[in-house]
Amino acid sequence: MSFGMGYSSKTDIDFGETSLENIFIKHFLPFADEDQLKVYILGLFYAKNNSGATISSLSEHLSITEEKVISALEYWEKSGLVSIEKTVHASEQTPCTSRQTQNTSTQARSRLFSDEGFHIKFHSARSQIFSGSRKIESEHHKSAELAKLVTSIKKKSVSSAEYSYYEDFVSKSGGAFDILETVLALYYRDLGGSEFAEVRKFLDYTLQNNIGDLEQTALLARNFFMRNDFYKRVKLLIGGKSAATPAEQTMINSWLDEYHMSETEILRFIEEHSPDTNNPTVGFINKAIIRERTPHADEDSQNALFARLKLEITGSRYAVNKSEKRIMAAWFGELGLSESEVDEYIAKYSATQRGATVSFIDSKIRGTNEVHDSKTQPLKVRNKKASAEPFENDELEKMLLARKNKNKQSE
């Protein structure tokens, strides 16, 4: 196999240098990957120096696989800058294109391209356009249009990876230049954004959900970018340096969507409650908002419930202390038990333990052998006087009497 230049006229002179055309640099280079560029430049060098080469020699020179070399040559052939032809030494003089070999195994294709009868010809992008090649002209126009669109909005240079992504988006969306232009203008121009990752995330979302309506896209994009910006403001105010995690985003969304707080209300709330802790977090603020925004249960009803439960457990008429309230509140909040379920635990275990305590029942409910709160002990051994409260529940009096009788029988 050999490489050579496809000169457009006899006046073309090769002075020995290997140069790249400006058209190639501006409109082909941004959309090619590293291996494709390596193969093109080295192949161009061989072509301009009329050097003999094989797939294996290119592979060895560039330290890439032969399959990648072949794939790159086929890519440039599709772009119109390279043609793979049989020479006069071959038995047939019909051109061999990548379309004819795309179903051939890698090993067979490698042998084919290495054959002495094949010639890799490089074409000038400039001469191809002037000669009226529609394929090159179409790709040039598409690349130029996309490049002009992006740079006019961002007002600065764009990486090849970003160009490549936009080209892929336009292809997958069926040529949705209007959607791309709307999203880029909204983010970079109107909202002053600067992170390509955010744009890519939203455009991926439109592809995944087949969103093709321009008006709907504009509305979704504005909400998406503004919500992401608010996540950053919340984290910055709290003191976090990292981006909001999915869990933190869910919490912030609940403040806006479930509690219907405005952004101003949320930021003011954070300022007011952050001094309560040296290390505020989104979770800390979330708990504070829940405490303030969730309707509280009737305090008298709750106290009556806790008094009844303590009586069933201990037989004591003393007031429920803070530790006991905290434990019993956890049964209904943290553990999500109903009153009937708690009553079942009490009926099952309190009769088996003389001097049962709230902590003892808690250990049984949680399936542990240790008392959950060591501060909670039978009140009779504590050197504190507790105020007695009236006892007027006939049903509970009967339960207490039955328990005493049962204890006497067991003795």
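Atom set for the values below is all heavy atoms of this structure, side chains included, hydrogens, waters and symmetry mates excluded.
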| message | Using side-chain hydrogen bond (donor to acceptor under 3.5 Å, both in side chains), reason through S262 and T264 one step at a time and then give a plain yes or no. | response | CA-CA 5 Å; S262 68; T264 303; 4.6 Å; no

Any side-chain donor-acceptor pair under 3.5 Å between [X] and [Y]?
X	Y	answer
Y345	D362	no
D168	Y163	no
S338	S340	yes
E162	Y166	yes

Roughly how far apart are [X] [atom1] and [Y] [atom2], rounded to 0.5 Å?
X	Y	atom1	atom2	result
E344	I365	CD	CD1	11.0 Å
L220	N223	CG	CG	7.0 Å
L256	I252	CG	CD1	8.0 Å
L236	F230	CG	CZ	12.0 Å
E248	N253	CD	CG	12.0 Å
L203	Q208	CG	CD	11.0 Å

For a 4.5 angstrom cut-off between non-hydrogen side-chain atoms, does [X] reach [Y]?
X	Y	answer
K325	N303	yes
D229	R233	yes
V69	T65	no
K121	V82	no
S173	T206	no
Y205	I211	yes
F169	R200	no
F360	I313	no

Testing the basics here: between [X] and [Y], what is the closest heavy-atom pair and its distance to 0.1 Å?
X	Y	result
V39	L73	CG1-CD2, 3.8 Å
T314	T357	CG2-CA, 4.0 Å
E66	S59	N-OG, 3.6 Å
I179	G212	CD1-O, 3.5 Å
L214	D178	CD1-O, 3.7 Å
F122	A47	CD1-CB, 3.8 Å

For atom [atom1] of [X], is the number of surrounding heavy atoms from other residues, nucleotides or ligands below 6.0 Å larger than 12?
X	atom1	value
K232	NZ	yes
Q216	CD	yes
E341	CD	yes

What about [X] and [Y], are their ring centers closer than 6.0 Å?
X	Y	value
Y40	Y75	no
W331	F306	no
F202	Y187	no

Donor-acceptor under 3.5 Å ([X] side chain, [Y] main chain):
X	Y	answer
K310	V358	no
E324	N321	yes
E198	E195	no

| task | Go through K235 and V282 one step at a time and tell me if the side-chain contact (heavy atoms from CB on, under 4.5 Å) criterion holds. | result | CA-CA 8 Å; K235 289 284 287 185; V282 175; 4.0 Å; yes

| query | Between E34 and K38, is there a side-chain N and carboxylate O pair less than 4.0 Å apart? | reply |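 So E34 pairs with K38 through a salt bridge.
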
| Can we say R268 and E263 salt-bridge, meaning some charged N sits less than 4.0 Å from an Asp/Glu carboxylate O? |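 Result for this pair is no, no salt bridge flagged.
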
| request: For W76 and I120, run side-chain contact (heavy atoms from CB on, under 4.5 Å): C-alpha distance rounded to whole Å, both residues' side-chain angles, the deciding distance at 0.1 Å, then the answer. | output: CA-CA 11 Å; W76 292 118; I120 308 298; over 6 Å; no

| request: Before giving the answer on salt bridge (Lys or Arg N to Asp or Glu O under 4.0 Å), spell out for R227 and D257 the whole-Å C-alpha distance, their side-chain angles and the decisive distance to 0.1 Å. | output: CA-CA 12 Å; R227 184 62 64 93; D257 302 329; 3.4 Å; yes

| request: Sequence neighbours left out, what passes side-chain hydrogen bond (donor to acceptor under 3.5 Å, both in side chains) with D343? Give chain and number order. | output: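 Listed in chain order: R308.
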
| message | Please enumerate all residues that pass side-chain hydrogen bond (donor to acceptor under 3.5 Å, both in side chains) together with N286, with sequence neighbours excluded. | response |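 With neighbours one apart ignored, the set is W255.
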
| task | Would you please test R189 and L184 for side-chain contact (heavy atoms from CB on, under 4.5 Å) and show each step? | result | CA-CA 8 Å; R189 186 183 298 161; L184 293 181; over 6 Å; no

| task | Show your reasoning for whether side-chain contact (heavy atoms from CB on, under 4.5 Å) applies to R366 and L335. | result | CA-CA 9 Å; R366 293 175 181 271; L335 302 181; 4.1 Å; yes

